[in-house]
Amino acid sequence: MWLYLAVILGLYFLRRWYRERQTVEKLTEKYVFITGCDSGFGNQLAKQLDAKGLKVLAACFTQKGAKELERLTSDRLKTTILDVSNTESVVAATEWVKGIVGSKGLWGLVNNAGTGTHVAPNEWLIKDDFAKVINVNLLGLIDVTLHMLPLVRASRGRIVNMSSIGGRLIMLGGGYCLSKFGVEAFSDCIRRELQPFGVHVGIIEPGSFITSIAVTSEEGLRSVWEKVPSDIKECYGQQYLEGYCQIFKDIIKGSNRNLHPVTDCMEHALISRYPRTRYGAGWDAKLYHIPLSYMPTFVADYMVALTIPKPAQAV
């Protein structure tokens, strides 16, 4: 019995491996629009796809980031400036893309732009702290998608949304994980709506990787702490702050500096004939966070609590 089961599983994974190795045709004729290309995953993906001969349309937040990316890539890659939290900027970028792709449409839309500011205990924050993150990571992603959608539908293309393992398992407070849960929900919803049009929606769920978001987390936390009312500071205590900061240091220490496991997933979602719906990137995501997200709530609560310091006035 176990032998038959092993054979069936082996054949299943062999078939999946074979199917997922097949790529779509005429890649060099396809346009891909990527947001958040100043640094990190977006910057690496833009270079990666450019090297494969795709026509990359890279959106950067700053002029400096755009010029640096152009310097390091071929003449095929074109850049524009985009603030995903500003609808006027999104409209302008959409018109720019439309003028380039014409009737061919847009094969790939990669919603990568994001921010990780104000990652802190929720009681330390105010409504605007949540709004700043959600406006970029979720509402900005939605705005870009809705404006670019007719172009993607015209080519029966792909939408790739950058989520996070924090979109399946909340480890820390603030708007980041909330926004990523929203990305997961929006992606699931729009995937079902677009399936009849031949458009595929993929979700990337990275674990811990070294990006600008990870590096600035401790600095942002200390900045938030300075604004916390004195009564709340007494409730949590200085040791709680230092313990929370240590979490960020441990995350950075254990994070992967090689971004290719993530960008390879993004690339596969764009060029494979049989892309996956979800991509868990990084061994910590595959072996710890994703399995834990399927566990009973009390198990997940217990495991997460082991990593968080106790407040000074804890009962």
Side-chain angles (χ1 to χ4, degrees), residues 23-24 26-86 89-90 92-102 104 106-117 136-137 140-141 144 148 151-152 157-162 164 202 204 206-217 252 255-272 279 281-282:
T23 59
V24 297
K26 301 179 180 179
L27 284 176
T28 56
E29 298 178 10
K30 298 187 182 301
Y31 289 92
V32 177
F33 179 74
I34 310 169
T35 67
C37 292
D38 297 77
S39 61
F41 301 132
N43 185 273
Q44 176 63 41
L45 179 65
K47 296 173 185 175
Q48 202 165 309
L49 296 182
D50 177 63
K52 284 190 172 291
L54 279 77
K55 298 178 179 180
V56 179
L57 307 177
C60 297
F61 186 64
T62 65
Q63 193 68 48
K64 178 182 178 182
K67 288 182 178 179
E68 181 64 14
L69 183 57
E70 288 177 348
R71 185 181 69 83
L72 298 172
T73 53
S74 73
D75 294 337
R76 287 187 305 274
L77 185 143
K78 302 181 186 298
T79 62
T80 190
I81 305 302
L82 172 63
D83 177 0
V84 299
S85 65
N86 184 311
S89 181
V90 173
T94 303
E95 291 302 315
W96 176 76
V97 172
K98 192 181 299 182
I100 294 174
V101 304
K104 286 187 176 181
L106 183 64
W107 171 255
L109 166 61
V110 181
N111 285 305
N112 168 75
T115 180
T117 58
V136 174
N137 293 359
L141 178 149
V144 172
M148 297 284 180
L151 299 176
V152 179
R158 309 280 173 83
I159 297 173
V160 180
N161 290 333
M162 177 59 74
S164 166
I204 312 298
S208 299
F209 289 83
I210 291 292
T211 64
S212 58
I213 290 177
V215 171
T216 59
S217 295
I252 292 174
S255 293
N256 195 340
R257 296 182 180 275
N258 177 18
L259 303 184
H260 281 287
V262 179
T263 56
D264 287 349
C265 289
M266 299 163 85
E267 178 185 318
H268 187 272
L270 289 166
I271 72 172
S272 174
Y279 292 83

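In this chain, residues are counted from 1 in sequence order.
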What's the separation between atom [atom1] in [X] and atom [atom2] in [Y], rounded to the nearest 0.5 Å?
{"X": "Ile81", "Y": "Thr62", "atom1": "CD1", "atom2": "OG1", "answer": "6.5 Å"}
{"X": "Ile271", "Y": "Leu49", "atom1": "CD1", "atom2": "CG", "answer": "8.0 Å"}
{"X": "Asp50", "Y": "Glu70", "atom1": "CG", "atom2": "CD", "answer": "11.0 Å"}
{"X": "Glu29", "Y": "Leu54", "atom1": "CD", "atom2": "CG", "answer": "10.5 Å"}

Do you know which two heavy atoms are closest between [X] and [Y], and how far apart they sit?
{"X": "Ser208", "Y": "Ser255", "answer": "CB-OG, 3.4 Å"}
{"X": "Ala269", "Y": "Val160", "answer": "CB-CG2, 3.8 Å"}
{"X": "Gly282", "Y": "Phe209", "answer": "CA-CZ, 3.9 Å"}
{"X": "Ser164", "Y": "Pro206", "answer": "CA-CD, 3.7 Å"}

CZ (Phe61) with more than 12 external heavy atoms under 6.0 Å: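 Open: at most 12 neighbouring heavy atoms sit under 6.0 Å from CZ of Phe61.
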
Would you find a donor on one side and an acceptor on the other, under 3.5 Å apart, between the side chain of [X] and the backbone of [Y]?
{"X": "Asn111", "Y": "Thr35", "answer": "no"}
{"X": "Arg158", "Y": "Ser272", "answer": "yes"}
{"X": "Trp107", "Y": "Leu270", "answer": "yes"}

Worked check of side chain to side chain contact (heavy atoms under 4.5 Å, CB included) between Asn112 and Met266: CA-CA 10 Å; Asn112 168 75; Met266 299 163 85; 4.1 Å; yes

Salt bridge (Lys or Arg N to Asp or Glu O under 4.0 Å) involving Lys67 - partner list, sequence neighbours excluded: none

Partners meeting salt bridge (Lys or Arg N to Asp or Glu O under 4.0 Å) with Asp38 (sequence neighbours left out): none

Sequence neighbours excluded, every pair satisfying salt bridge (charged side-chain N to carboxylate O under 4.0 Å, His left out) that has a member inside residues 255-270: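 Sorted result for residues 255-270: Lys52-Glu267.
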
Heavy-atom side-chain contact between [X] and [Y] under 4.5 Å:
{"X": "Val262", "Y": "Met162", "answer": "yes"}
{"X": "Leu141", "Y": "Val84", "answer": "no"}
{"X": "Lys47", "Y": "Leu69", "answer": "yes"}

Distance-only donor-acceptor check, side chains Thr263 and Gln48, under 3.5 Å: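 Yes, side-chain donor-acceptor contact under 3.5 Å.
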
Chi angles and distances behind the side chain to side chain contact (heavy atoms under 4.5 Å, CB included) call for Val24, Lys30: CA-CA 10 Å; Val24 297; Lys30 298 187 182 301; 3.9 Å; yes

Candidates Leu57, Thr80, Leu106 - the one meeting side-chain contact (heavy atoms from CB on, under 4.5 Å) with Ile100: Leu57

